[in-house]
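Report on one structure; see the data block that follows.
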Amino acid sequence: MAWEIGRLDAHDQAALVRRGEVSARELCEWAIERIEALDGALNVITYRDYDAALDRAGRAAGPMAGVPWLLKDGLDYRGMPNRSASRLHRDAPPGAVDFPFTRAFDDRGLIALGKTNAPEFGLLPTTEPLLYGPARNPWARDRSPGGSSGGAAVAVATGMVPLAHAADGGGSIRIPASCCGLVGLKPGRGATLRARAPHLMEDLLACDMLLGRSVRDVEWAMATVAATPPGATAPRDKRLRIAVITTNLNVDQPHPEVLASTMRSARLCEELGHHVFEAPLPYDGPAVMAAFKAIWAYLARDVLQAARARFGAAADAGVEPWTLGLGEWAAGAAIDDVDHLFRAIEDARRALDTAFGDADVILSPVLGLPALRIGELAPDVDFDQIMKLMFDYVSYTPLHNLTGHPAISLPVQPGSDGVPIGTMFAARRGGEPLLIDLAYQLERAVPWKDRWPDCVPGVSIG
């Protein structure tokens, strides 16, 4: 029964509780059973809060009463420690604060079972922290599930839970969704309730959402935490103008397999009746990438300075080599012209808005390369090697963090070796409903709900 239930999305699991066929506590007990069966091989869970979760399940109420979910390490949540996957914080006490984002899901009945693996301070697009060890892609265990929300993606891709929290500061919702075959929506800037304390650079880049296997689950999550009440329902099955842009921020083309997958997705959109056309890069890609690198490095410097202030000389040995190297690189690469950095971001935003005058949606790869092998972007790899590979790998997603536009990764085409390769669709500000409508169309055309990694016991849902 545990595995049969695990193949259902959040809506179907909640319906079982409403009909009285199972209890909210049973949903959570079966999720725990699945987690414990698979976690030894995949290394997903970094904190277990099972006793408290089962107690909450006994009192669960709301439209998703009893549906289990997981939180990403790095997110504040009352009663659970926030270690940010750092050895410096391995002994962090249980949290005493939370934010409107998580409270909204609690209020609707979701039951948080624990926290998932993530890279230290979310600074890498793979999930291999020295504190916890690497999370493994369930489609190929020598490959990374992406990051920084890699553990969350593995948990949903294997049916441990139907929903898991992910945060995206440069692609960290869309990247693991791509690598693990999930629906990964990055909302536009300011579109959702606050998930963390105010921070200038994080508020510029970061946003939060739940990863899911079904479009309706992600649509529900977006509606639950929308900063403003949803307006009129968007028209369904709308025919769109879709611009295909395969050039990345480094003005390069992606890996041939990624390119082939992207173009297959474009052809599918055309078969569905959309007007699909290829378009050139409408913004200065290298300037956008330079701005993202600078801001990302300054975030690492901020982390490093805070660690040194708190832990003194022990900080440099406690943080990972990548965090230390990136923070020190930022100190040595001070930006003389901050106006130039923010001008590059504003120019890109204007260019993207102009492009959305000719297109409803822009279709592109999520990543420049297929899912990396474990170890290629480990935090203790040579610094210069990480700097080169990381920003080749993450060469599409940072754009939308900088400009504030919404974007979604969809598992339209499976990779040739069985490891998923997502396709990204972006829309103008406020275009989340349009992206979700397109996602429904693609989900009907290629129903990815039936794709499961072979580590999940095969059962038939009657």
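As a basis for the values below, the full set of heavy atoms in this structure was taken, side chains included, without hydrogen atoms, waters or symmetry mates. Here the structure is a predicted model, which is why all the values come from computation and not from measurement.
Here the CG-CG distance, from Leu326 to Leu299, works out to 9.0 Å after rounding to the nearest 0.5 Å. Taking OG of Ser395 as the start and CG of Leu369 as the end, the distance is 7.0 Å to the nearest 0.5 Å. We find the OH-CG distance between Tyr77 and Asp98 to be 7.0 Å, quoted to the nearest 0.5 Å. Separation of atoms CE (Met222) and OG1 (Thr192) is listed at 6.0 Å; rounding is to 0.5 Å. Separating the CG atom in Leu42 from the CZ atom in Arg141 is a distance of 5.5 Å, to the nearest 0.5 Å. Here the OG-CG distance, from Ser261 to Leu367, works out to 11.0 Å after rounding to the nearest 0.5 Å.
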Worked check of side-chain hydrogen bond (donor to acceptor under 3.5 Å, both in side chains) between Thr247 and Gln253 | CA-CA 5 Å; Thr247 305; Gln253 291 296 306; 3.0 Å; yes
Steps toward side-chain contact (heavy atoms from CB on, under 4.5 Å) verdict (Val156, Cys180) | CA-CA 9 Å; Val156 176; Cys180 294; over 6 Å; no
After noting the C-alpha distance and the side-chain angles of Leu123 and Trp296, does the key distance pass the side-chain contact (heavy atoms from CB on, under 4.5 Å) rule?
-> CA-CA 8 Å; Leu123 290 172; Trp296 205 245; 3.9 Å; yes
Tell me, with the steps shown, if Arg216 and Asp12 meet salt bridge (Lys or Arg N to Asp or Glu O under 4.0 Å).
-> CA-CA 11 Å; Arg216 67 176 179 171; Asp12 281 341; 2.8 Å; yes
May I have the step-by-step check of side-chain contact (heavy atoms from CB on, under 4.5 Å) for Cys269 and Leu363, ending in yes or no?
-> CA-CA 10 Å; Cys269 289; Leu363 183 160; 4.1 Å; yes
For side-chain contact (heavy atoms from CB on, under 4.5 Å), just list the numbers for Leu304 and Val319, CA-CA rounded to whole Å, side-chain angles, deciding distance to a tenth of an Å, and then say yes or no.
-> CA-CA 8 Å; Leu304 187 58; Val319 298; 4.1 Å; yes
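Under the 3.5 Å distance criterion, the side-chain polar atoms of Ser149 are matched with a main-chain donor or acceptor of Ser172. A donor-acceptor contact shorter than 3.5 Å is absent between the side chain of Arg236 and the backbone of Tyr440. Panel note: side chain Asp347, backbone Tyr283; no donor-acceptor pair is recorded below 3.5 Å. Thr127 places a side-chain N or O within 3.5 Å of a backbone atom of Gly146 that can act as its donor or acceptor partner. With hydrogens and angles disregarded, no donor-acceptor distance shorter than 3.5 Å links the side chain of Trp69 to the backbone of Val161. Not one N or O on the side chain of Asp76 forms a donor-acceptor pair closer than 3.5 Å with the backbone of Val97.
Between Asp437 and Lys238 there is no salt bridge, since no side-chain nitrogen of the basic residue lies less than 4.0 Å from a carboxylate oxygen of the acidic one.
In summary, the side chains of His274 and Asp360 do not present any donor paired with an acceptor at a separation below 3.5 Å, with no hydrogens or angles considered. Defined by atom type and a distance below 3.5 Å, a donor-acceptor pair is present between the side-chain atoms of Thr423 and Ser265.
Between Phe101 and His165, the ring planes lie perpendicular to each other; the angle is over 60°, past the 30° to 60° tilted range. Relative orientation of the His405 and Phe356 rings is tilted, given thresholds of 30° and 60° on the angle between their planes.
Among residues at least two apart or in separate chains, salt bridge (charged side-chain N to carboxylate O under 4.0 Å, His left out) pairs with a member in residues 363-382 are Asp142-Arg373. Identified under the salt bridge (charged side-chain N to carboxylate O under 4.0 Å, His left out) test for residues 204-213, with sequence neighbours left out: Arg196-Asp208. Every pair tested for salt bridge (charged side-chain N to carboxylate O under 4.0 Å, His left out) that includes a residue from residues 266-292 fails, sequence neighbours excluded, so the list is empty.
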